[in-house]
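Just so we're on the same page: letters track the sequence lines, and every chain starts at 1.
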Amino acid sequence: MPRKRRRAQALADDNSKEMDGALIEREKDSATSKYFKDKMTRLLSDFYNKSCIELAKSFLGQILVRRLPDGTELRGRIVETESYLGGEDEASHSRGGKQTERNVAMFMKPGTIYVYQIYGVYFCMNVSSQGDGAAVLLRSIEPIEGLDTMRTFRNVRRSEQSKPLKDKELCNGPSKLCQAFAFEKSFDRRDLATDKSAWLEAGSSILEEDIASCARIGIGNAGEWTHKPLRFYIKDNKYVSVRNKAAETGVPCLSVITAFQADK
DNA sequence: CATCTGATGTGCT
DNA sequence: GCACATCAGATGA
């Protein structure tokens with residue numbers, strides 16, 4: 001195993017220890033804890049009261065924070081999400097309402113993190129929402145703090161002589177953001193609302209007119225669900241993985257309304 | 001820019 | 001066996 005991979009593995013192994021360590025650190029600083037508690041109040045009510053689509057939209061503009069074992073904090077603003085609605089959604093891992101070892105987190109309480117491995121190599125991170133088997137996939141993040149660390153994590157799978165990553169390439173994709181923030185399998189089934197290594201902070205709220213809605217990415221053959229506008233991103237934002245000019249300029253189409261009804 | 005390919009674990013048929 | 005909510009690197013226009 002190359003040295004870079006070993007380092008990443010060591011980091012993964014650290015995660016259980018890290019939970020306890022970070023807990024102690026943050027409990028020590030009660031002012032800090034209160035700050036986060038206040039900041040998260042609104043976001044917590046979002047987890048519990050919003051539909052999957054509403055949650056996917058309200059995540060836009062919020063700050064995702066990752067605290068590493070050494071105390072380093074990584075921050076970024078969520079700019080792109082996707083809704084996976086549950087049983088009826090043919091593109092969802094929870095299609096047919098089927099619960100498996102892999103996807104149980106999707107059926108757990110809103111705010112539960114669902115991390116799965118894809119193509120044997122990468123991870124994707126979701127947050128469970130209201131609705132049986134429904135979850136929001138985090139697709140792209142605008143990095144704010146800890147960019148050097150993110151770049152180091154992202155370089156693990158890249159060759160030494162390849163061009164340095166631009167800031168906008170650090171987290172512009174679901175597996176890229178997992179690499180940059182060191183989210184992996186051990187985060188599966190953990191609670192984003194109470195976890196000591198990952199949490200949300202209130203950022204800016206995004207106006208409906210500044211949100212683009214269009215088809216989700218990478219879902220091949222899911223029938224009518226393939227084209228439903230369940231991907232949401234901040235218009236004109238350069239940190240988004242794939243932009244869709246039509247979705248940024250056009251008025252919301254009929255299928256948006258249809259998808260809304262499907263979510264209720 | 002578009003399109004192709006290899007990497008490769010795990011869930012599911 | 002096969003598909004997969006992906007990415008990096010290569011190749012050709």
Enumerate the protein-to-nucleotides 11-13 of chain B contacts in which both atoms are nitrogen or oxygen and the separation is below 3.5 Å.
from    : atom 1 : to      : atom 2 : distance (Å)
dC12(B) : OP1    : T100(A) : OG1    : 2.9
dT13(B) : OP1    : K98(A)  : NZ     : 3.3

L85(A) backbone acceptor or donor facing S83(A) side chain under 3.5 Å: no
Applying a 4.0 Å non-hydrogen cut-off, can you work out what E82(A) is touching in the nucleic acid: base, sugar-phosphate, or nothing? nothing
Smallest separation among heavy atoms of Y233(A) and V242(A), with atom names: CE2-O, 4.2 Å
On the six-membered ring of F181(A), is R75(A) placed so that its NZ or CZ lies under 6.0 angstrom from the centre and within 45° of the ring axis? no
Classify the nucleic acid contact of R154(A) as base, sugar-phosphate or nothing, counting any heavy atom under 4.0 Å across all strands shown. sugar-phosphate
Is dT11(C) paired to anything, Watson-Crick or G-U wobble with both distances less than 3.5 Å, and if yes, which nucleotide? dA2(B)
Would a 4.5 Å heavy-atom cut-off, applied to side chains only, mark V127(A) and T112(A) as touching? no
Can you pull the contact range of chain A along DNA chain C, 5' to 3', using atoms under 4.0 angstrom from its heavy atoms? dC4(C) to dG9(C)
Partners passing salt bridge (charged side-chain N to carboxylate O under 4.0 Å, His left out) against K109(A) (at least two apart in sequence or in another chain): D191(A)
Say you draw a straight line from CZ of F59(A) to OG of S129(A); how long is it, rounded to the nearest 0.5 Å? 8.5 Å
Name the one of D188(A), L137(A), V136(A) that satisfies side chain to side chain contact (heavy atoms under 4.5 Å, CB included) with Y114(A)? D188(A)
R157(A) CZ to dG6(B) C1': how many Å, rounded? 11 Å
Please work out if M125(A) contacts a base, only the sugar-phosphate, or nothing of the nucleic acid, heavy-atom cut-off 4.0 Å. nothing
Residue whose nearest DNA chain C nucleotide is more 5′ - E169(A) or I219(A): I219(A)
For L137(A), answer base if it contacts any base atom (sugar-phosphate contacts may also be present), sugar-phosphate if it contacts only those atoms, and nothing otherwise; contact means non-hydrogen atoms under 4.0 Å. base
Can you confirm whether more than 12 heavy atoms, excluding those of K185(A), are under 6.0 Å from its NZ atom? yes
